[in-house]
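Below is one structure; the comments refer to it alone.
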Amino acid sequence: MAEVERLATELAALGVDAAKVGRPLDREGGLREFDILGGRGFISFLAVARHHCVYVCNITWYG
């Protein structure tokens with residue numbers, strides 16, 4: 001839980017550039033995915049510039 005909160009804080013600090021982080025690599029915006037815990041999982045998030053926030057939509061952990 002702490003790792004997800006830390007990543008969400010860092011993504012929010014990126015501002016509009018958060019729409020360029022993670023997968024898919026070939027486009028900006030939309031639902032993005034970012035690996036966590038050394039590849040043992042990922043978070044799906046949506047960076048909405050006009051709302052000035054990042055929404056964490058899903059957390060997947062392969063534990």
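Source: prediction; values computed, not measured.
Of all the heavy atoms in Phe42 and Glu33, the pair that sits closest is CE1-OE2, 3.6 Å. Shortest non-hydrogen contact noted between Arg32 and Arg27 is NH1-O, 2.7 Å. Of all heavy-atom pairs between Ala18 and Ala47, the closest is CB-CB, 3.8 Å.
In this structure, CG in Leu31 is found 8.5 Å from CG in Asn58, a value given to the nearest 0.5 Å. Taking OH of Tyr62 as the start and CD1 of Ile36 as the end, the distance is 10.0 Å to the nearest 0.5 Å.
Leu11 and Val16 are not part of a single hydrophobic cluster, where members link through side-chain heavy atoms under 4.5 Å apart. A single hydrophobic cluster is seen to contain both Val56 and Leu7, as judged by linkage of ILVMFWY side chains at heavy-atom distances under 4.5 Å, directly or through other members. Under a hydrophobic-cluster definition in which Ile, Leu, Val, Met, Phe, Trp and Tyr are linked whenever side-chain heavy atoms come within less than 4.5 Å, directly or via other members, Leu46 and Ile59 are assigned to different clusters. The cluster map of Ile, Leu, Val, Met, Phe, Trp and Tyr, joined by side-chain heavy atoms under 4.5 Å apart, puts Tyr55 and Phe45 in different clusters. Tracing side-chain contacts under 4.5 Å through hydrophobic residues (I, L, V, M, F, W, Y), one never reaches Val54 starting from Val48; they form parts of separate clusters.
Two residues are said to be in side-chain contact when any heavy atoms from C-beta on lie closer than 4.5 Å; Leu37 and Glu3 meet this criterion.
Residues Arg23 and Asp35 are paired through a salt bridge, judged by an N-O separation under 4.0 Å between the basic side chain and the carboxylate.
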